[in-house]
Structures are given as structure tokens and as C-alpha cells.
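Indexing begins at 1, ligand by ligand and atom by atom, following the structure's order.
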Amino acid sequence: MMNTVITIDGPAASGKSSVARILAQRLGYIYVNTGNMYRAMTWAVLQTGIDPNDMDTVRSTAEGILIDSPVADGQTQVSVNGRRLTAEDLNSDPVNRGVSLVARVPEVRARLVADQRALSSLGPLVMEGRDIGSVVFPDSPLKFYIDASEEVRAARRQAQGHTDQVAERDRLDSTRKASPLVIPEGAVVIDNSHLTLEGAVQAVLDRLPAIP
Ligand code: C5P
């Protein structure tokens, strides 16, 4: 039997990662940040010096890159060809700028989606990203979409010290051909523009049916 998967999707800086992490801790589920898998692939692609705008070269370069997601401390980590990446690696400005370009390549997505599905054999999951409820686990009955106004999201990114253009990343993520960001069918939408972290976690918990 497949383990329970709570899916959490939403645009950049909507606060979904913090909500997903705390929710997973409360429930004793494994927390999976799929954005970090795309970021790891982007980090590795950029290491080769290629232009991330060039889809064909990204596609062929990505083929030779091995992304692994071992679980430690209740959440997946990411390693590239055996090297564990740090938060600094994953959140650098070049990765912020390049990740939506790498994530739009269908072959990159197909591989990472297969890895994400395989993680559900490890135990119950809270998995967050852009296409988790729509593509990765469309049959999950526990889907959430966490949104926040563009102003609030831009301010959050700035407070975290990031200079990338959230709006541009969202534009690319929402308009790409392969698995664009959408509100998944059946998802509960939570507007996180004015909620505290605890309030947002509670909003999700309030909508969960009694689950084992
Ligand atoms: O969640 P985070 O903002 O770290 O994701 C970084 C980028 O990875 C997104 O802007 C998107 O381009 C890509 N992504 C994706 N599908 C996912 C998770 C992230 O395309 N499931």
C-alpha cells in the first residue's frame, strides 16, 4: 500500500517550505523539498559552465548528473554525484536565476518526478513543490496550494537576503509547457499573505481529515 503523501504546491516565497517542514515534524512524516532537487541539478549544470538558457545543452548535460536524496533528520537532503550540497550552494544567486530554466526541461522533470515518487516507499511524506498535487501524486486526497500576494512574496525573499526576481521565476514556472505551476484539482487553497507561520500550519492541520 502506498504511504500517505500530503502535497503542498505554490509559487516562490509563499511560505510553503516553512509550513511543510513544521507540518512534517508535527506529524512525524518525512519532509521533501522538491525545489532543492531542481536547485541541485541547476547547481551541477552551472558548474559545467554552460548557459542555462540553452535547453538542448542543459538536457544533455543533466543526463550525466546523478542527484540523490538521502533522508537525514526527518527530511531529504540532496547530493550531486555523491557530494552533499549546502543551503548556500542551493540558494546562491546564480542558482536562483537559473533554476526555472533548468526545471522547464521535460527530461530533467521526468527523472526527478520518478525519484520523488520512489520516495513514498520510505514512509509517509509531506512533499512540497510546484507540481506535486498535479503531476507527482495526482491521486493524493491531501492536497494544498499555499499562495500569498506578490508584494508579500517579494518582501519575504528580500528579507531572506535574496535578490532574484520572484515574479520572473513565477512567470517561467507558470508558463512552461512541462508541468506548469497550477492549483491542483481538489487542492485546498490557503492564502498565506497575512498568516503567521503557526497560523498557516494550523490552517493546514484544520483541513486534514483524521489520518493514521
Ligand atoms: O521551491 P523553490 O522555490 O526552491 O523551487 C525552485 C525552483 O524549482 C522553482 O522556481 C521551479 O522552477 C522549480 N521547481 C519545479 N517543480 C517543483 C519544485 C521546484 O519546477 N516540484
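- Side-chain contact between Val45 and Ile65: present, with at least one pair of heavy atoms (C-beta onward) separated by less than 4.5 Å.
- Taking 4.5 Å as the limit, every side-chain heavy atom of Glu128 sits out of range of all side-chain heavy atoms of Ile146.
- The residue from Leu27, Ile6, Val5, Asn3 that alone fulfils the side chain to side chain contact (heavy atoms under 4.5 Å, CB included) condition with Leu125 is Val5.
- Under a 4.5 Å side-chain heavy-atom criterion applied to ILVMFWY residues, the cluster that includes Leu181 comprises Tyr145, Ile183, Val189 as well.
- Counting heavy atoms from C-beta on, the side chains of Gln75 and Asn33 never come closer than 4.5 Å.
- Protein residues having at least one heavy atom under 4.0 Å from any atom of ligand 1 are Lys16, Thr34, Gly35, Tyr38, Arg39, Val99, Ser100, Ala103, Arg109, Gly129, Arg130, Asp131, Ile132, Arg169, Asp173, Arg176, listed by chain and number.
- Taking the side chain as every heavy atom from C-beta outward, Trp43 and Ile67 never approach each other to under 4.5 Å.
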